[in-house]
Amino acid sequence: MSLQELWLLLPVLIICVGVLTLMLQAAWQRNNVLAQGLTVLTLTLALGALIRQYPTDMRTITLLFEHEPIGGFFSLLLLMVAISVALLQGPYMGKNSKEVAEEFYILLLLSCLGSILLVMSRHVASVILSIELMSLSMLAMLAYNRERKLALEGAMKYLLLSGAATSLLLLGFALLYATSGQLLLTQMLSSPMQLVAKSGFVLVVAGLAFKLSLVPLHFWTPDVYQGAPVNSTLLLTSLSKAAVFALFIKLILLIPPEFEADMVRMLSWMAIASMLLGNWLALQQRSLKRLMAYSAIAHMGYVLVAGVIAMGIDHSLVLEGASYYLLAYLVASILIFAVLTLLSKLDEQQDLDDLPQLQGLFWQHPWLASVMTLAFLSLAGMPITIGFIGKFYLLTLAVKLSAWWLVTAMLVGSAVGLYYYLRVIFTLFAPLQRDIQQTSGAYLSKMWIGVITAGLLLLGILPGLLGDELRRILAIG
Amino acid sequence: MVALSWLIWLPLLCGALAWTVEKRFQGAGNWITLSGLIGMLLLVLYLGSLGESTLSWDWFARFNIHFALWFDGLALLMVVLTIGLAILALAVSWRDITLHQGFFHFNLMFSIAGIIGVFLAADLFLFFLFWEVMLLPMTALILIWGNENRRYAAIKFFIFTQASSLLMLVAIIALALEHQTQTGQLSFSLSALANLSLDSVLEWWLMLGFFIAFAVKLPMVPLHSWLPDAHTQAPTAGSVLLAGILLKTGAYGLIRIVLPLFPDASMQFAPIAVTLGVLSIIYGALMAYSQTDFKRLVAYSSISHMGFVLLALFSWREVAFQGAILTIVAHGISSAALFSMAGIIQHRIHSRELGDMGGMWANAPKMATVTLIFVMAGIGMPGLANFNGELLTLLGSYQTFPTHTIVAALGIIWSAVYGLHLFQRAFQGPMNTDISDLHGREVVYTSLLILALFYFGLQPHILLELSADTLNNLLEIAKEHRP
């Protein structure tokens with residue numbers, strides 16, 4: 001490993017140093033404000049380092065990793081998510097929480113590290129290692145309040161099922177290795193595929209589809225989402241989805257042409273089923289977290305559309321579309337969960353989750369409710385929010401390829417989706433029933449939410465700001 | 001011309017300003033909104049005096065999307081109508097709104113901005129954006145200040161219009177991509193897209209995508225079921241805007257997009273569209289007759305009147321086109337007028353049921369006279385604006401669709417039946433309720449409405465001159481494409 005390669009790994013190294021520092025701090029003197037500050041500092045430094053040496057072409061870093069623009073863009077998204085979670089954890093825990101604070105931040109940094117490494121991976125070993133690093137640290141965060149029964153149950157479910165999914169992934173890679181004799185992703189998939197190799201690839205896709213909670217591997221999602229502390233749910237719904245999707249689209253682009261037709265068929269059905277079922281099941285949810293879980297299933301179906309089309313034509317527009325859509329999804333998810341986090345407390349048995357509890361939020365906390373309304377409108381794909389531009393990209397792609405089944409499913413899904421997003425928004429604007437407490441103070445977190453909300457509007461009203469540059473940022477075409 | 005874009009920024013600014021100032025000074029919102037609207041009226045008249053103008057800014061270069069506005073006679077007409085009815089909406093709710101006044105003005109002005117945007121947009125992406133954006137504040141108006149069943153009505157309104165506009169979005173994208181295959185460049189500009197020569201199957205589907213979105217707004221039977229609920233549950237200001245302008249955006253879309261962009265397909269589709277239009281006329285009239293709720297009755301009569309617009313537009317005749325324009329303006333004024341009367345009555349007796357009214361002439365002669373004039377306008381009495389529109393519509397479409405026109409003419413008879421029924425039950429007969437007569441502010445705006453109805457009834461040529469360019473353009477297209 002040359003010094004230059006080490007230099008390219010700088011963001012990763014910064015996070016590693018951050019983890020060590022936090023461990024030392026926890027051993028030396030426990031202080032949750034200090035821990036939060038260190039975490040945010042680490043992540044900001046990593047963000048700065050990443051932007052400074054943003055990749056313009058592909059460079060390999062040892063056998064295991066690569067430094068390339070698409071991974072770079074996704075790493076930016078991942079760091080944005082991690083910073084949000086770190087900033088929200090402070091107000092969520094409060095000053096005198098029963099749980100210790102430092103470990104949460106250590107786990108957060110670890111899972112952020114895993115996700116960034118996953119995005120950079122080019123070798124089976126690094127894929128498996130980083131995906132496990134990400135998932136396992138997330139597992140501990142899902143059960144961070146040990147007194148919540150639902151959280152423990154959810155974490156247990158996640159542990160078992162995620163373990164099963166990883167073993168599928170491993171088995172898939174093993175089959176691919178058995179036929180190709182290669183462990184580098186590009187070489188592994190470029191050799192001609194026989195039945196064994198094909199089934200291996202399908203297993204890999206299944207493993208990843210589990211993490212993305214695509215139908216039919218979505219069953220764990222609502223329970224885990226509902227059980228987990230709301231801030232950890234945010235991490236689960238954004239960080240792991242974004243990182244896994246980056247890997248997913250990388251793999252899809254590597255599929256040999258003779259296997260494409262089969263994969264298109266399989267993934268199209270998964271996408272259609274996710275869009276329809278996700279939206280359909282969300283219709284009658286009272287619990288916001290469950291609603292967001294089903295909505296995540298549906299939205300992963302939408303981005304999968306981009307993945308399906310990636311195998312068709314015009315790679316550049318596909319990558320742009322997928323990136324924009326994912327950004328839109330992440331921004332909206334962060335905002336929704338951020339508002340919920342500011343209205344809940346980690347120490348309590350329950351987060352604020354039941355829809356009627358939010359009734360009349362707009363009349364009591366107009367800013368929080370406005371943020372939430374905008375986020376839900378963005379998820380519903382209404383214009384002047386970033387979500388609409390994402391939807392516009394995907395629809396353009398699907399129409400361009402004349403994939404009418406996908407277009408139909410997207411339209412039906414969106415129409416159904418409107419209803420439940422609207423239901424939440426209407427609840428926010430209904431007459432106030434009872435007092436809703438929000439965390440006072442926490443100005444830094446609220447400013448950060450403000451910044452992200454401004455981004456949601458800005459990129460929705462002036463989509464050119466990012467859209468025109470995206471080609472250059474992703475260095476394609 | 002940059003000033004053109006101020007027609008959109010001004011209401012946005014006013015809305016935001018009214019919301020913030022209302023918190024400090026009770027009642028200031030009314031005055032801010034009113035002065036904003038009057039400022040816009042002056043601006044639009046000034047712009048109109050300068051003649052046709054356009055504006056185009058780069059917006060989203062990746063897809064070659066521009067922030068492009070286009071202001072011609074027809075747009076002037078629609079924008080003036082919008083602002084006029086917005087002032088009416090403000091006037092009827094001057095004291096009616098007691099809850100969250102600032103936020104009310106905010107929503108009112110934002111929906112005005114969206115509607116004006118729809119009338120001005122020259123880029124389909126922008127058109128779609130405004131088309132959707134005007135929905136949100138309108139839904140909020142229904143949801144927050146509406147009547148007893150508002151939540152249901154608001155959801156229904158939103159989902160109907162949203163779901164149908166998704167089809168339009170797909171059609172817009174497909175059209176832009178077709179432009180790319182033909183010329184090598186994506187384009188959403190209306191003028192560029194008008195030059196495409198489309199394959200007939202593709203043209204048919206695209207036309208249908210747009211048509212459904214506009215037909216829901218218009219509304220056309222069988223896509224109308226959101227309308228009676230939305231109109232009935234909305235606050236008076238909301239009903240005025242909905243019936244007066246929002247329905248017209250559907251007709252405007254047909255004139256601006258469907259007919260000029262897809263002439264062959266829409267001529268092919270004409271028999272179906274016209275049949276549905278006539279169905280709307282008859283169905284709307286029959287349903288209106290059987291209502292006992294004042295607002296619901298007027299709402300169904302709107303369906304009936306907008307059927308005339310559909311009939312006129314798809315018969316592709318000059319006289320019929322003129323009839324459509326006249327009907328659009330006349331119905332805008334007369335239905336808004338009737339809804340404001342419904343609001344005035346509801347404010348006094350807290351009921352919209354015709355059964356609770358009756359004999360009101362005795363106590364409120366001014367109100368009765370005014371309502372009688374509005375009802376007469378609605379049933380197409382000569383001398384009032386609606387008559388010209390309906391006459392020209394029937395005259396023009398008889399040349400193309402004689403049978404349909406004869407049936408549609410029956411609709412006019414029915415309109416007299418339900419109109420007189422409404423008036424008779426509310427104002428004549430035994431006295432059921434004690435009601436106070438119109439007071440100063442109400443007298444002012446109702447007499448202005450009466451004046452407008454008479455004026456356009458006697459001087460329809462002003463409307464026809466303003467829209468002449470657009471109609472001539474359509475007729476040229478018709479000449480080229482008529483089989």
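Chain identifiers are assigned alphabetically (A, B, ...) following the order of the sequence lines, protein sequences preceding nucleic acid strands; residue numbering begins at 1 within each chain.
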So, the part of B/L177 with a heavy atom under 4.5 Å from chain A: the answer is side chain
Under 4.5 Å to a heavy atom of chain B? For A/I461 that would be backbone
The interface call for B/E178 against chain A, heavy-atom contacts under 4.5 Å, is neither
Is the number of heavy atoms from other residues, nucleotides or ligands within 6.0 Å of CH2 (B/W204) greater than 12?
-> yes
(Q) Any heavy-atom pair between the side chains of A/L462 and B/F60 that's under 4.5 Å? (A) no
Can you confirm if the aromatic rings of B/F128 and A/F388 lie within a centre distance of less than 6.0 Å?
yes
Decide if atom CH2 of A/W405 counts as having more than 12 heavy atoms of other residues, nucleotides or ligands within a radius under 6.0 Å.
no
Turns out that what part of A/L465 lies under 4.5 Å from chain B's heavy atoms comes down to neither
When the 4.5 angstrom heavy-atom criterion is applied to B/I65 and chain A, the contacting part is side chain
- Task: In sequence, state the C-alpha distance, the side-chain angles, and the governing distance for B/F158 and A/I425, and then conclude on side-chain contact (heavy atoms from CB on, under 4.5 Å).
- Result: CA-CA 12 Å; B/F158 192 81; A/I425 295 174; over 6 Å; no
Among A/P366, A/A380, A/P383, the residue with the most heavy-atom pairs under 4.5 Å to chain B is A/P383
Okay, B/T139 and chain A: the region with an atom under 4.5 Å from a heavy atom over there is side chain
task: Flag the pair A/P463 / B/W59 as yes when at least one side-chain heavy-atom distance between them is below 4.5 Å, and no otherwise.
output: yes
Verify side-chain contact (heavy atoms from CB on, under 4.5 Å) between A/M382 and B/L129, making sure each step is shown before the conclusion. CA-CA 9 Å; A/M382 282 297 286; B/L129 190 126; over 6 Å; no
Applying a strict 4.5 Å limit to non-hydrogen atoms, the region of B/F67 in contact with chain A is neither
So, the part of B/F130 with a heavy atom under 4.5 Å from chain A: the answer is neither
If we ignore hydrogens and angles and just use 3.5 Å, is the side chain of A/W363 paired with the main-chain N or O of B/H100 as donor and acceptor? no
Worksheet item: Any idea how A/F429 and B/F103 line up, ring-wise: parallel (<30°), tilted (30 to 60°), or perpendicular (>60°)?
Response: parallel
The reported gap from OH in A/Y393 to CZ in B/F63 (rounded to nearest 0.5 angstrom) is 4.5 Å
If one checks every heavy atom of B/L136 against chain A at 4.5 Å, the contacting part turns out to be side chain
Interatomic distance, CZ@B/R62 vs CG@A/D468, rounded to 0.5 Å, equals 8.5 Å
So, the part of A/L422 with a heavy atom under 4.5 Å from chain B: the answer is side chain
Exactly one of B/L169, B/L175, B/I173, B/I172 clears side-chain contact (heavy atoms from CB on, under 4.5 Å) with A/V399, and that residue is B/I173
When rounded to the nearest 0.5 Å, the distance separating CG of B/L167 from OG1 of A/T408 is 9.5 Å
Honestly, the part of B/A140 sitting under 4.5 Å from a heavy atom of chain A is neither
When the 4.5 angstrom heavy-atom criterion is applied to A/Y421 and chain B, the contacting part is neither
Heavy-atom closest pair (B/L166 atom, A/S414 atom, distance to 0.1 Å) is CD1-CB, 3.7 Å
When rounded to the nearest 0.5 Å, the distance separating CD1 of B/I155 from OH of A/Y419 is 5.0 Å
